[in-house]
Amino acid sequence: TARSSRVLGLDMYADGFALAVVDLGAADGPVISGVRWCRSGGAGERLPTLKQALKELGARGLPVVATLQHSAYSLVQLEAPELADDELREAMRWRVRDLIDFPVEAAVIDVFRLPVSRRPGTPDLLYAVVAKTAEVEALAELLDAAGLEIRAVDIVEMAIRNLSLYIDRPGRPRAYLHLQPGQTVIEIVDGPQVFLSRRVLQEYEADADPELLQAQMEGLALEVQRSLDYFESQYALGPVDQLSAIVCSDSAYEAFSRVARQFLTVTTERFDFSAMGRRAGIDLATLGRGVTAVGAALRGQPWAA
């Protein structure tokens, strides 16, 4: 049935969550069939808000892939020891204990390896995902209480990777700037491989004083350029093909792109959903808030190289 081919993506933020229903069974590829941005304050508001949104989307009982909000986990880059994957997690538990701001005993740890550099003598690297056990459990309990079938609890960085993998398919490394209220990520990916992912701890208010916003965007452009330079020196693959900005407001994109033309060595484009089907009536502004919820829903699809 059509119902069985639909998956829900859910992306958690401090001030609410984004929902996206993606139909994976369409003949021409995945189709976005519904999106919602739900503002919610404390944890007590989340379940009734989620249930109401699921009812409106016709999404009750669907399988769900949900991403943790940024405060729930850390992403730590480390040299990769020569261990089998099943031994890596435990080894990393002891490596990260001094690099995170909560007890490692209260953490769930996963790892993913970074591509091997072409530059001779460069060590192999990995990212350790260090999530707070209580936050993972609280999210799982919320999804369960809403009657959803939990397919995975994931992270925003993987959702961005999925957008590149299944929608953009750039053919060589591409940089992404996920510019959302409360969480900004710079990421460089190519196909299934993540080369770099960095958080920028800075709020960007689109309605701020123009001079302040300009200064903030210049600072962000500097961080992007540092990431591009690091990628080129670390991997010796040449420059990325472009920077794709995933933004939830026109004004934020315009403010950044003005600065980008002045400061960056690559072309900046806005992330484009035109390669992916959308049901009639999908609000593009709401979709801007739910971009990574779409990426979460795409997790684990067959990948055509």
Side-chain angles (χ1 to χ4, degrees), residues 65 67-68 70 73-93 95-96 99-100 109-131 152 154-178 183-200 223-246 264-269 271 275 291-292 295-296 298-305:
V65 178
T67 64
L68 293 160
H70 268 190
Y73 67 98
S74 297
L75 200 62
V76 183
Q77 188 185 84
L78 297 162
E79 285 192 23
E82 291 185 13
L83 294 172
D85 284 359
D86 58 345
E87 297 174 321
L88 265 183
R89 286 190 192 89
E90 203 50 42
M92 290 305 103
R93 181 174 293 277
R95 294 272 296 276
V96 302
L99 303 173
I100 57 174
I109 294 180
D110 204 351
V111 297
F112 59 95
R113 296 176 186 271
L114 275 65
V116 175
S117 174
R118 286 188 182 177
R119 196 174 294 287
T122 305
D124 292 347
L125 299 172
L126 59 75
Y127 278 122
V129 183
V130 190
D154 211 335
I155 59 173
V156 169
E157 290 81 359
M158 287 291 114
I160 296 169
R161 190 279 311 262
N162 294 345
L163 291 169
S164 180
L165 180 62
Y166 298 115
I167 298 178
D168 269 10
R169 302 184 180 188
R172 65 163 285 106
R174 178 167 293 180
Y176 292 83
L177 174 66
H178 184 238
Q183 52 188 54
T184 298
V185 175
I186 300 164
E187 186 156 307
I188 297 176
V189 290
D190 181 19
Q193 295 185 308
V194 177
F195 289 90
L196 172 152
S197 190
R198 289 182 57 212
R199 293 183 190 179
V200 180
E223 294 298 333
V224 170
Q225 189 59 53
R226 280 182 181 145
S227 300
L228 299 175
D229 293 343
Y230 169 83
F231 166 77
E232 287 193 50
S233 67
Q234 171 70 21
Y235 291 102
L237 291 170
V240 302
D241 72 336
Q242 71 174 49
L243 174 69
S244 182
I246 303 170
L264 297 184
T265 56
V266 295
T267 306
T268 300
E269 303 283 348
F271 182 82
V291 175
T292 39
L298 293 172
R299 173 186 161 121
Q301 295 312 295
W303 181 56

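A quick note: this is a predicted structure, and the numbers were derived from the prediction, not measured. Position 1 is the first residue of the sequence; numbering continues from there.
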Problem set entry | salt bridge (Lys or Arg N to Asp or Glu O under 4.0 Å): pairs with one or both residues in residues 75-86, sequence neighbours excluded |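 Residue pairs with at least one partner in residues 75-86: Asp85-Arg113.
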Exercise. With sequence neighbours left out, which residue pairs that include part of residues 157-166 fulfil the salt bridge (Lys or Arg N to Asp or Glu O under 4.0 Å) condition?
Worked result: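 Residue pairs passing salt bridge (Lys or Arg N to Asp or Glu O under 4.0 Å), neighbours aside: Glu157-Arg199.
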For this session: For Arg119, check salt bridge (charged side-chain N to carboxylate O under 4.0 Å, His left out) against everything at least two apart and list the hits.
Result: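 Result, salt bridge (charged side-chain N to carboxylate O under 4.0 Å, His left out) vs Arg119: none returned.
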Problem set entry | Test salt bridge (charged side-chain N to carboxylate O under 4.0 Å, His left out) applied to Asp110 - qualifying residues, sequence neighbours left out | Arg89
Between [atom1] on residue [X] and [atom2] on residue [Y], distance to nearest 0.5 Å:
X: Leu114; Y: Phe112; atom1: CG; atom2: CZ; value: 6.5 Å
X: Asp168; Y: Gln242; atom1: CG; atom2: CD; value: 7.0 Å
X: Asp154; Y: Thr67; atom1: CG; atom2: OG1; value: 7.5 Å
X: Ser117; Y: Phe231; atom1: OG; atom2: CZ; value: 9.5 Å
X: Ile160; Y: Thr292; atom1: CD1; atom2: OG1; value: 6.5 Å
X: Glu223; Y: Ile186; atom1: CD; atom2: CD1; value: 6.0 Å

Under the side chain to side chain contact (heavy atoms under 4.5 Å, CB included) test, which residues partner [X], sequence neighbours left out?
X: Ala91; result: Leu83
X: Pro239; result: Glu232
X: Thr267; result: Glu269

Please examine the side chains of [Y] and [X], heavy atoms only from C-beta on, and report whether any two atoms are closer than 4.5 Å.
X: Val130; Y: Leu99; result: no
X: Met158; Y: Val129; result: no
X: Val185; Y: Tyr176; result: no
X: Leu165; Y: Gln301; result: no

With sequence neighbours excluded, residues passing side chain to side chain donor-acceptor pair (under 3.5 Å) with [X]:
X: Ser244; value: none
X: Gln225; value: Asp229, Thr265
X: Ser227; value: Arg198
X: Asp241; value: Arg174

Looking at [X] and [Y], what are the two nearest heavy atoms and their distance?
X: Tyr73; Y: Leu68; value: CE2-O, 3.6 Å
X: Ala128; Y: Val96; value: CB-CG1, 4.0 Å
X: Ser164; Y: Pro170; value: OG-CD, 3.6 Å

For this session: Begin from the C-alpha positions of Thr268 and Val224 and carry the test side-chain contact (heavy atoms from CB on, under 4.5 Å) through to its verdict.
Result: CA-CA 11 Å; Thr268 300; Val224 170; over 6 Å; no
Side chains of residues 187-197: which donor-acceptor partners sit under 3.5 Å, not counting sequence neighbours?
unit_1, atom_1, unit_2, atom_2, d
Glu187, OE1, Ser197, OG, 2.9

Exercise. Any donor-acceptor pair under 3.5 Å linking the side chain of Arg172 with the backbone of Leu237?
Worked result: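 Yes: the side chain of Arg172 pairs with the backbone of Leu237.
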